[in-house]
Amino acid sequence: MNSVETDFEQFRDDLDAVERRIAGEIDPGMRAMVVAVAVFALLASLVLSHAGSARGFDVLLNSDAAALEHIGLPSRIFVWFVAVFGIGFSLLALMTRRWVLAWIAVAGTAIASAFGVFSIWHRQTPGLGNYIGAGPGIGLIIGTIAAIVLTFHWVKVVWSRTALQLAAEQERRMAAAAEEERDRKRLTGEE
């Protein structure tokens, strides 16, 4: 081995650590603005009417207004997933730009989207004893649409790779191929 290879080998661990850090980051680019607006819409949906006189925060906190409106389990699950994943993990992922947090936000908002649709359907279906309460409120509808938009954009962000990540992967593949070739030559005695 020549001196250049020896000098490079002593920095390999540092370079590998930097590459792992880069691989764990996301670059939402212009989608960050769309994600931020969708998070704001989710926050607004918690203030607006969920069903009748029950607001999103009433459903979240299981207040008397939610009980009076006969808010069911799909709506409760939807609001909790919106609060934890749609708002909480989305904000964390935007601030830290960590790939794993963005994936958690994707998974949670996808489930929230499904429960949002179930909640709208649930509000339009008669209950026990043919009880017909208030239909879905504007907050529930806005929240469901925002959760769907948020899911779509988070999926696009986490599946995209930055130019720096692609270059690091290519460099890693080339280094592995060169090392494999050196090992092959050493083993076959061609060196």
Side-chain angles (χ1 to χ4, degrees), residues 7-48 50 55-57 59-62 73-120 139-180:
D7 290 342
F8 181 74
E9 287 300 320
Q10 64 182 339
F11 296 113
R12 181 173 293 284
D13 291 337
D14 293 335
L15 292 172
D16 288 343
V18 168
E19 183 180 348
R20 279 191 302 275
R21 184 180 58 80
I22 290 171
E25 291 182 355
I26 57 170
D27 182 19
M30 290 303 296
R31 290 190 188 279
M33 184 60 79
V34 177
V35 168
V37 169
V39 168
F40 180 75
L42 288 176
L43 280 168
S45 76
L46 293 177
V47 176
L48 296 171
H50 190 81
R55 295 173 300 134
F57 281 120
V59 176
L60 186 66
L61 301 173
N62 199 19
L73 187 60
S75 293
R76 294 178 205 282
I77 293 172
F78 168 70
V79 171
W80 274 101
F81 269 80
V82 160
V84 173
F85 297 102
I87 297 170
F89 276 98
S90 289
L91 288 177
L92 282 173
L94 275 180
M95 290 187 302
T96 63
R97 299 199 183 278
R98 301 305 304 166
W99 185 76
V100 69
L101 293 175
W103 264 111
I104 293 170
V106 166
T109 56
I111 293 169
S113 299
F115 274 100
V117 172
F118 291 154
S119 297
I120 291 171
L140 177 58
I141 294 169
I142 289 174
T144 301
I145 292 169
I148 292 169
V149 167
L150 194 57
T151 301
F152 172 78
H153 285 284
W154 270 132
V155 165
K156 293 292 238 175
V157 168
V158 297
W159 279 353
S160 67
R161 307 290 283 174
T162 64
L164 190 56
Q165 289 169 327
L166 293 172
E169 288 173 7
Q170 179 66 21
E171 184 65 32
R172 179 77 130 176
R173 281 193 294 272
M174 289 173 32
E179 179 142 355
E180 187 177 309

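- Between S113 and T151, the shortest heavy-atom contact is OG-OG1, 3.3 Å.
- Taking each heavy atom of L94 and P28 in turn, the nearest pair found is CD2-CG, 4.3 Å.
- Take S90 and apply the side-chain hydrogen bond (donor to acceptor under 3.5 Å, both in side chains) test, not counting sequence neighbours, and it matches W154.
- Below 30°, between 30° and 60°, or above 60°: for W99 and W103 the angle between ring planes is above 60°, a perpendicular geometry.
- Residues G56 and H50 share a closest heavy-atom pair of N-CB, 3.9 Å.
- Interatomic distance, L91 CG to L101 CG, rounded to the nearest 0.5 Å: 11.5 Å.
- Between V59 and F78, the closest side-chain pair of non-hydrogen atoms is not below 4.5 Å.
- Nearest heavy-atom pair across A112 and F81 is CB-CB, 3.7 Å.
- The CD1 atom of I104 sits 11.5 Å away from the OG1 atom of T109 when rounded to the nearest 0.5 Å.
- Listed here is the closest heavy atom pair of A83 and L60: CB-CD1, 4.2 Å.
- Applying the ring pair (Phe, Tyr, Trp, His ring centres under 6.0 Å) criterion to F57, with sequence neighbours excluded, gives no partner residue.
- Atom CZ in F118 sits 12.0 Å away from atom OG in S75 (nearest 0.5 Å).
- Side-chain atoms of S119 come within 3.5 Å of backbone N or O of P74 as a donor-acceptor pair.
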Under 3.5 Å, which donor-acceptor pairs do the side chains of residues 30-47 form with other protein atoms, sequence neighbours left out?
from : atom 1 : to   : atom 2 : distance (Å)
R31  : NH1    : H153 : ND1    : 2.6
S45  : OG     : L42  : O      : 2.7

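- Atoms CD1 and CD1, from I120 and I141 in turn, are 5.5 Å apart once rounded to the nearest 0.5 Å.
- Atom CZ of F89 and atom OG1 of T96 lie 10.5 Å apart (nearest 0.5 Å).
- The two residues V158 and A102 have their closest heavy-atom pair at CG1-CB, 3.3 Å.
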